[in-house]
Structure formats: C-alpha cells, structure tokens
Amino acid sequence: MKTNRTFKRTELAMLYFPEIQPRSAWQKLREWICNNPQLHRLDQTGRRSFTPAEVSLIFEVLGEPDG
C-alpha cells in the first residue's frame, strides 16, 4: 500500500471498511484509533486528513488494510 501521501480520514476508513457507509467507516476507524494507546493522539488533532507519517503509523499499528 502506498503510504507516502496524505489521506482524508474517510478515504482511509473506507480502505479498512469498504463494505459500510463512509460515515460509519470513519466512526469505526476513529473508535479503533481512540482505543489504541499508540494512536489515540491522532484523534485529538481535529483535522480531516492524516499526514503520510500518520498513515504509516496507523498501518504499522493496525496493519495495512486489505485491498
């Protein structure tokens, strides 16, 4: 998976949960982020996208999404 770019939060969530609606996918990914001690600080930024470094961290901690 190519991680050297910025992902909108819903775009990233849809990679993990392609079978559900975008808003629900983001809510589910946000829950995973909030409940993970290595990632919970990412939810406190208030931004609508993740930097390439943040995406790499998410992939490292959660694993790369299928697809």
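We use all heavy atoms of the structure for the numbers below, so side chains are in, but hydrogens, waters and symmetry mates are not.
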Look at the side chain of N36 and the backbone N and O of W32, then say whether any donor-acceptor pair between them is shorter than 3.5 Å. no
Classify the ring geometry between F50 and W26 as parallel (under 30°), tilted (30 to 60°) or perpendicular (over 60°). tilted
Return the minimal non-hydrogen interatomic distance between Q38 and L57, and the atom names on each side. O-CD2, 3.9 Å
With a sphere of 6.0 Å drawn around CD of Q21, does it hold more than 12 non-hydrogen atoms of other residues, nucleotides or ligands? no
Atom SG in C34, atom CZ in R41: separation rounded to 0.5 Å? 13.0 Å
Does R47 have more than 12 heavy atoms from other residues, nucleotides or ligands lying within 6.0 Å of its CZ? yes
Same apolar cluster: M14 and I20, side chain cutoff 4.5 Å: no
Quick check for you: to the nearest 0.5 Å, what is the distance between I33 atom CD1 and H40 atom NE2? 12.0 Å
Atom of F17, atom of A25 and distance for their closest heavy-atom approach: CD1-O, 3.7 Å
Quickly, which of T6, V55, T10 forms a side chain to side chain contact (heavy atoms under 4.5 Å, CB included) with S49? Name it, please. T6
Close side-chain approach of F7 and I58, heavy atoms under 4.5 Å: no
